[in-house]
Number of protein chains: 2
Amino acid sequence: MPATIRDVAKASGVHISTVSRTFSAPHLVNVETRTRVQACAEQLGYRPNRAARALITGRTFNIGLIVADIANPFFPPLVKAAESQARRHDHHIFVADTNEDAVVEEDLVRALAKQVDGVLLCSPRMSNSLIEQLSREVPLVIVNRQVGGLPAVVMDVAYGARRAVEHLAGLGHRRLALVSGPRGSWTSREIRRAATAAARTARCELSIVGPNLPTEEGGLSVAEQIAHGPATAVLAYNDLMAIGLMEGLHAAGVRTPEDISVVGIDDITLSRLTRPKLTTVAMPTATAGRAAVDMLLAYGDDRRTTAHVNLQTELVVRDSTAAPNPRRPAEPGDAAGTV
Amino acid sequence: MPATIRDVAKASGVHISTVSRTFSAPHLVNVETRTRVQACAEQLGYRPNRAARALITGRTFNIGLIVADIANPFFPPLVKAAESQARRHDHHIFVADTNEDAVVEEDLVRALAKQVDGVLLCSPRMSNSLIEQLSREVPLVIVNRQVGGLPAVVMDVAYGARRAVEHLAGLGHRRLALVSGPRGSWTSREIRRAATAAARTARCELSIVGPNLPTEEGGLSVAEQIAHGPATAVLAYNDLMAIGLMEGLHAAGVRTPEDISVVGIDDITLSRLTRPKLTTVAMPTATAGRAAVDMLLAYGDDRRTTAHVNLQTELVVRDSTAAPNPRRPAEPGDAAGTV
DNA sequence: ATGAAAGCGCTAACAT
DNA sequence: ATGTTAGCGCTTTCAT
């Protein structure tokens with residue numbers, strides 16, 4: 001039986017409303033009384049029931065965090081940063097995993113809506129219109145996607161993708177492949193758009209392979225196709241796919257970077273630990289998590305001013321990229337498997 | 001303004017208690033009425049407010065999940081499985097990260113206590129007595145540690161550690177090192193105990209190096225010491241440390257497994273992707289996450305019967321272990337850096 | 001500065 | 001089968 005506000009009131013000989021004020025508006029209560037009430041509360045182990053409080057104030061001090069796949073190493077740093085930032089502001093975080101499923105996503109937002117002050121929607125797969133509708137039911141901050149004028153934290157992956165293409169072109173590659181991500185991914189579209197434009201500028205061919213699952217398996221599954229295709233360098237939707245791809249290429253007897261260069265995106269911890277170490281585009285996921293929480297908490301105050309944050313990305317050159325191998329020239333007749 | 005039970009009552013022309021019953025005890029209400037109420041509710045987008053419901057029923061349909069470090073790749077599969085299992089039973093999950101800090105842990109349990117039906121405490125760093133005390137304030141299921149008779153889900157890491165030592169001894173190693181984990185870790189003590197016993201049985205020396213941070217850096221930081229020590233094989237507290245260690249050894253010009261064999265624990269995804277691929281002890285983290293949720297939800301029903309689950313672990317032999325290198329014999333005078 | 005009273009959204013006896 | 005009533009733990013007018 002945890003202590004309630006009534007127990008504290010009884011113990012300190014005041015009315016419950018005085019106890020209430022002691023916690024939610026201390027300046028309104030006499031110092032002596034306050035001290036006594038606090039002492040009693042402490043001694044009884046009293047903690048205000050937030051759910052009860054929320055019922056009347058409308059503020060839950062909870063935040064919902066919805067991610068596509070928490071087992072994808074891209075997300076944990078974001079979740080960690082968001083949780084830590086939320087707690088700094090005395091908020092708790094509901095975490096839910098949609099398994100990349102748009103329907104689950106919608107249901108989750110609605111299910112959480114009543115017990116949170118807002119929801120952080122990370123890399124959502126829903127349609128824009130649905131997201132806009134949901135944002136009318138509960139404050140939403142979108143991470144990694146731009147939806148109308150909704151508050152959003154995006155990482156400038158387009159810039160990173162462009163830098164990656166420029167890097168490859170600079171090394172002398174002329175035939176590139178883009179291993180794209182899952183259907184419905186805003187990030188994947190951004191990458192594609194930016195890579196296409198950059199390739200055109202650099203006078204490179206760019207073939208698109210996909211869509212694919214954003215996992216190691218997704219990368220592995222296109223390895224054969226890449227190995228037999230004309231591309232001498234590949235940009236993958238994320239590091240996991242890049243790593244799976246390298247595995248698959250290795251198995252097929254194709255060396256990285258000697259035969260084919262590979263670039264990932266995300267800069268997950270893992271990317272520094274593969275051999276060769278992966279060249280990739282660093283995404284500031286922790287910063288994004290913090291920023292998203294801040295934006296949500298500022299929702300009431302000054303909604304407009306911080307409605308949009310665009311975070312820098314950066315190309316990190318490691319060992320999975322090199323100049324094309326002159327002894328592995330294009331085989332004119334061999335376009336098997338390319339799209 | 002989300003619809004309340006009163007709006008639905010008004011719209012369907014019944015009393016609010018009938019609406020309430022329609023959702024919490026449908027069999028008690030006339031089929032026609034029920035259908036009508038449901039239709040109205042649907043149309044108004046009504047969803048029962050769980051917090052309000054919890055206030056009176058005492059059941060929140062929420063679960064707290066407290067982990068030491070969600071960015072440690074050991075945890076995400078556990079969190080994912082727990083979340084998914086919880087949702088299958090219509091529960092939501094609060095996730096909190098303690099950063100391996102016992103004080104934060106305690107505070108978090110207390111802070112969450114009121115808004116959850118129970119807390120999953122993963123690899124806690126608190127003292128046994130404190131944990132037992134907390135378990136009187138809120139239902140607790142401990143993962144990865146045994147505390148008195150409290151409900152627990154543990155993975156049999158002792159078995160795995162023994163198998164690892166046997167594996168190394170079987171390859172011909174006689175001087176082993178154990179790179180231990182953080183102070184206060186039950187798992188680390190288990191590993192130490194089991195490895196020590198197994199080493200004795202196999203007539204191997206076993207030196208203990210640590211405690212260390214359970215991270216890649218932790219492993220890296222002991223690489224020099226290991227490189228110059230007499231051990232020809234190392235068991236690390238977890239894969240992350242094993243990988244960091246291999247990095248460090250590599251940098252020091254020591255090859256794995258030719259010069260020194262390395263075994264990790266956890267079998268994180270990453271361990272299949274390093275080069276050499278890591279020999280490790282597989283931990284059934286997803287199963288543990290599911291089991292912990294099930295145990296918590298069964299808390300009321302049959303507390304005793306399922307109060308303890310012990311999950312199997314398994315040695316996975318990959319490429320980071322091999323027979324000792326005969327050309328790198330013990331250097332009698334060179335024990336520098338060993339403990 | 002403190003108390004009294006109403007009520008947040010909902011459920012659970014108890015009536016009818 | 002449905003309505004009435006009380007109240008979960010708390011905050012917030014409004015009095016005093």
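First the proteins, then the strands, lettered A, B, ... as listed; each starts at 1.
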>> Need two values: the first and the last nucleotide of DNA chain C, 5' to 3', having an atom under 4.0 Å from any heavy-atom of chain B.
In response: dG9(C) to dA13(C)
>> Please report the distance, rounded to the nearest Å, between CG in Leu28(B) and C1' in dT2(D).
In response: 11 Å
>> Heavy atoms from C-beta onward define the side chain here; which of dC10(D), dT12(D), dT5(D) lies closest to that of Thr57(A)?
In response: dT12(D)
>> Using the rule given for side chain to side chain contact (heavy atoms under 4.5 Å, CB included), can you reason through Lys80(B) versus Glu83(B), listing the C-alpha separation, both sets of side-chain angles and the distance that settles it, and then say yes or no?
In response: CA-CA 5 Å; Lys80(B) 186 177 175 104; Glu83(B) 196 270 339; 5.9 Å; no
> Rounded to the Å, how far apart are Arg36(B) CZ and dA1(D) C1'?
Replying inline: 12 Å
> Would you say the side chain of His92(B) lies within less than 4.5 Å of the side chain of Phe61(B), judging by non-hydrogen atoms?
Replying inline: no
> Looking across every strand, which nucleic acid part, if any, lies under 4.0 Å from Arg50(A) by heavy atom: base, sugar-phosphate, or nothing?
Replying inline: nothing
> For the side chain of Ser17(B), counting heavy atoms from C-beta on, which of dC10(D), dG3(D), dG7(D) is nearest?
Replying inline: dG3(D)
>> Could you go through His89(B) and Asp294(B), starting from their C-alpha distance and side-chain angles, then the distance that decides it, and tell me whether this counts as side chain to side chain contact (heavy atoms under 4.5 Å, CB included)?
In response: CA-CA 9 Å; His89(B) 293 284; Asp294(B) 287 343; 4.0 Å; yes
>> What is the distance, to the nearest angstrom, from the CZ atom on Phe23(A) to the P atom on dC10(D)?
In response: 9 Å
> Going by distance alone, is a donor N or O of one side chain under 3.5 Å from an acceptor N or O of the other, for Arg88(A) and Gln85(A)?
Replying inline: yes
> Will you find, in the side chains of Asn128(B) and Arg145(B), an N or O donor that is under 3.5 Å from an N or O acceptor?
Replying inline: yes
> Using a cut-off of 4.0 Å on non-hydrogen atoms, how would the nucleic acid contact of Val19(A) be classed: base, sugar-phosphate, or nothing?
Replying inline: nothing
>> Closest-nucleotide mapping onto DNA chain D: is Leu55(A) or Arg21(A) further toward the 5' terminus? I mean the 5' end.
In response: Leu55(A)
> With a 4.5 Å heavy-atom cut-off, do Leu134(A) and Met126(A) have their side chains touching?
Replying inline: yes
> When the distance from CD1 of Ile56(A) to C1' of dG9(D) is rounded to whole Å, what number comes out?
Replying inline: 10 Å
>> I need the CZ-P distance between Arg53(A) and dC8(D), as an integer number of Å.
In response: 18 Å
> Got a sec, which residues hit side-chain hydrogen bond (donor to acceptor under 3.5 Å, both in side chains) with Arg110(B), two or more places apart in sequence or on another chain?
Replying inline: Glu106(B), Glu137(B)
> With respect to the phosphate group of dT2(D), does any side-chain polar atom (N or O) of Thr33(B) fall under 4.0 Å of OP1 or OP2?
Replying inline: yes
> Within the structure shown, what part of the strands sits under 4.0 Å from Thr4(B) by heavy-atom distance: base, sugar-phosphate, or nothing?
Replying inline: sugar-phosphate
